[in-house]
Amino acid sequence: MTTSTPPTPTASAKNPEQINPPGGTERRPIGQVLRSQLQQSLAFATLVVLIIFFSISSSSFFTVSNISGILLSTAVIGILAVGTTFVIITGGIDLSIGTGMTLCAVMTGVFITDMGLPLVVGVIGGIATGALMGLINGLNITFLGLPPFIATLAMMLIAQGLALVISGVAPIYFAEQAFKDIALGTLIPGLPNAVLILFACAIVAYVVLSKTILGRYTFAIGSNEEATRLSGVNTRKWTILIYTVAGIFTGIAGVVIAARLGSAQPQLGTGYELQAIAAVIIGGTSLLGGRGSILGTLIGALIMSVLINGLRILSIQTEWQNVVVGIVILVAVFTDSLRRRREA
Amino acid sequence: MSAIVSRDPVGVFGPDSHLSNEAGSIVTTHLLDVDGISKSFPGVQALKDVQFRLDRGEVLALVGENGAGKSSLMKILSGIYTKDEGTIRFEGNEVEIDGPRAAQALGISIIHQEMNLMPHLTVAQNIYIGREPRSLGGFVLRERALNKKAAELLKRLRIDLDPRQEVGELTVAKQQMVEIAKALSVDSKVLIMDEPTSSLTASESETLFRLIEGLKADGTGIIYISHRMEELGRIADRVTVIRDGRYVGTLEKGSFDVPTIIEMMVGRHIDENARPAVIDTHGNDVVLKVENLSTRNVVNDVSFELRRGEILGFAGLMGAGRTEVARAIIGADPKSSGTITINGKVVSISKPTDAVRHGIGYLSEDRKALGLLLGQTVSENILLPSLPNFTNPLGFVQPAKGKNVAKRYVDQLKIKTPSVQQVTKLLSGGNQQKVVIAKWLERDCDILIFDEPTRGIDVGAKDEIYALLNDLAARGKSIIVISSELPEVLRLSHRIAVMATGRITGFLDNEKATQNSVMELATRGHE
């Protein structure tokens, strides 16, 4: 041992844990809580600002009929977004929800109109179609080891193709008013049933995500899948289940859109998945997984509807609406990445 | 060497040697009895005929150099890997551990070296993941019961944490405490700790040791992996040494001391002649001068000089911060302080492009991911950083011009490839490394930083890389070699900087350096 051994100064204060006095109980400062909910709080503030802005700009914005219309137009995207929130929290993605929804609508039409099955059976069949697609997505991701992007991209194309083939590229109409009432009836006067279904879906999803084992493992897998697996959790099983749950919501969205339009439109659906994913992201769910909330997703979906509705009322060309939504997504993801950089 | 009780390096006693060795004629049932374990991965024999035993209420320290196979062995016990050969007896019965759940069911818990927590979940949620208190058919979580249970556990373990705090917000040391609480939350009969103190301060380590003593008193058997030699005397009852995936020996309490353990750890025969020719580079110009370099997390006040034609080795244990020093120098990671002087001029390097501009080439330890475009040809790889030199005024690449340059390197560095058009994926590890070297030579880099230059390269090819590095130094290049293999550092370096816990603990001139003196500096913990 020769030459210079640099003197070791008492730089042990470098250790971050010594900054906190040892033995002190850690309370979560309110700032920390706010920061962890930053994205969601920001989204909510944005929604309020938008509503105030459009209300001032146009007298026809904040009316019962317009608000009801906004909610109705949020219903389908909202239900899809609620389902895909689960998948995104695991760090995955589901691109098959848009065309999958169309296939579910078509299958509902096949069951009810073509085969003449009772309404209830047709609705359950439509939802089951979604569940089956989700199940296949989950199996492909876990057992074939496909990246979620690829597995669900393939499912997106398959669902689109099947919807066209099964329907013969023609809309399937529903004759019964009772079916249309699923979306357009008003159990609560002035509020379309589709909105109630959205809220019911959101409440169920909220409970599942925050109070059940499925929700806990959704977050755990998204936070650190390997650690979850090593803790003895069967992550494959839960991943499959999570994609199946997303599929069930896709099925519900399929029934609702069919009821709302009074027909299953086989060429509809493309682009819905991206709008739903956008809603989830605007609502503060991290694409990297581990973080997210149903409330945030709901707010995200509402922001998109309010924005589109408001721009239309202000007579801004429809062509510009996508530009604005795109910018909102950029801002949302940027604030999210800012927060993450601070965490890192 | 009298301290060694059972030493069976060549396996003459056979698989049951420990029975006759230790317990005399009585075959006692040990808590855990591991024998003849072998495990190989493609191209690597990670473990070969390894044995140890563990009794109730004792701490067995498992030590060995980086890559000796400790972690692989523990992964077999915790069900992450499956063994190729050998037997594991648990409380006298032979068991097969075929998954993490099987290990859990036996009562074998492991605290992994790398963090295995879910940062977005709370402390309580992490501790009881997979075993949450539930109601309504096991589907609904009982969050309040969960937090209460965790609070009680933490209190019993005297760990001061809020069960409801998100783990990602905790310091690394506190996260480590969560890991420990998690492992102890099941009724563990065997607790494996893989370098549990590597991120703890002295006082936190002491808390951990008291916790371990409590567990011992309860009859838990603890396997303790550590690189900190000074800890072993404090807590270990016995020390088992493995080296190169093989069992070396076991030392009993009171009879082990640090020099003996280190000697057993590094004891492979090394060719003392395989040292670089003694070149006195002390008189040469200082090419690179690093002063007071620190990064936010790891590197702590590192200063050194590198001279023309010198090979400076960086030795140290895993996590000592050697790679981090290199990454900070080339601007891949942000520096929190420090100045870098190249050829007498202070330079500002904030991103890798700056480093290349100043003639520093970094050859990553992960050659395949970070050093090469595996799907591209030899020639494309060599020319990549200097592509602007091979284009015509319109920006089109001129293949013929580049091809000749690539060919020159293939000859000069003796790269074994059928042609410069060969896809690099198809070359051997050693030849791939040469392609990376050629790439930086063509870019006119005078300072080359090699991070684990021979990782994944077989023994024969290693010599060629060594010869190449010596040749480069002789031609005036200045070289930093970061290596976890001590013989490699000794063989290559004119001078050795030894690091531990983010700082340089000493410099050794080659002719005076031995494996033991390097190891002694590398295991010097902080006060």
Side-chain angles (χ1 to χ4, degrees), chain A residues 1-20 22-29 32-33 35-36 89 207-208 210-235 238 286 288-292 343-344, chain B residues 78 80 99-101 103-104 110 112 115-121 125-126 129-132 134 136 138-141 143 160-162 164-174 182 200-204 294 300-303 495 502-509 512-513 517 520-521 526-527:
Chain A
M1 201 177 323
T2 58
T3 63
S4 57
T5 303
T8 17
T10 51
S12 55
K14 268 241 143 200
N15 280 307
E17 51 274 7
Q18 297 209 338
I19 295 165
N20 298 334
T25 322
E26 262 166 285
R27 291 265 108 238
R28 281 185 70 179
Q32 218 166 43
V33 177
R35 206 183 320 138
S36 71
I89 291 175
V207 171
V208 169
S210 57
K211 307 285 180 204
T212 72
I213 203 83
L214 176 69
R216 175 62 40 81
Y217 293 159
T218 303
F219 282 103
I221 290 170
S223 192
N224 187 344
E225 178 166 5
E226 182 66 3
T228 309
R229 191 179 68 82
L230 293 179
S231 305
V233 174
N234 186 343
T235 48
W238 292 102
S286 166
L288 297 180
R291 205 179 283 290
E343 275 178 12
Chain B
S78 55
I80 298 167
R101 265 180 186 279
Q104 259 186 19
I110 183 162
H112 293 276
M115 288 291 168
N116 261 295
L117 296 171
M118 283 65 71
H120 299 94
L121 303 192
Q125 289 167 357
N126 264 284
I129 181 85
R131 297 169 289 119
E132 300 84 354
R134 305 169 199 187
L136 295 183
F139 194 62
V140 174
L141 296 164
E143 199 68 6
D160 185 25
L161 282 176
D162 179 357
R164 287 162 301 168
Q165 180 149 25
E166 231 176 75
V167 160
E169 294 168 356
L170 299 172
T171 61
V172 174
K174 293 205 159 144
K182 181 179 167 187
L200 302 189
T201 62
S203 72
E204 284 164 337
S294 295
N300 190 350
D301 197 22
V302 163
S303 303
R495 216 153 47 95
R503 56 175 72 239
I504 293 182
T505 47
F507 290 92
L508 298 168
D509 276 336
K512 291 169 191 153
S517 63
E520 206 267 321
L521 283 172
H526 51 198
E527 283 70 38

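All of these numbers come straight from a predicted model, not from anything done at the bench. As a basis for the values below, the full set of heavy atoms in this structure was taken, side chains included, without hydrogen atoms, waters or symmetry mates. Note on naming: letters A, B, ... go to the chains in the order of the sequence lines (proteins, then strands), and numbering restarts at 1 for each one.
With sequence neighbours excluded, no residue forms a side-chain hydrogen bond (donor to acceptor under 3.5 Å, both in side chains) with A:E225. Among residues two or more places apart in sequence or in another chain, the salt bridge (charged side-chain N to carboxylate O under 4.0 Å, His left out) test is passed with B:R101 by none.
In this structure, A:F219 and B:L121 approach most closely via the heavy-atom pair CB-CD2, 3.6 Å. Taking each heavy atom of A:Y217 and B:E132 in turn, the nearest pair found is OH-OE1, 2.8 Å.
How far CZ of A:R229 is from CD1 of B:I80: 7.5 Å, rounded to the nearest 0.5 Å. Note that CG of B:L117 and CG of A:L230 are 11.5 Å apart. Values are rounded to the nearest 0.5 Å. One distance of note links CD of B:E166 with CZ of A:R291; it measures 5.0 Å at 0.5 Å rounding. Note that CD1 of B:I129 and OG of A:S223 are 9.0 Å apart. Values are rounded to the nearest 0.5 Å.
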For B:M118 and A:R216, run side chain to side chain contact (heavy atoms under 4.5 Å, CB included): C-alpha distance rounded to whole Å, both residues' side-chain angles, the deciding distance at 0.1 Å, then the answer. CA-CA 11 Å; B:M118 283 65 71; A:R216 175 62 40 81; over 6 Å; no
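Judged purely by atom type and a 3.5 angstrom limit, A:S231 has no side-chain atom pairing as donor or acceptor with the backbone of B:G130.
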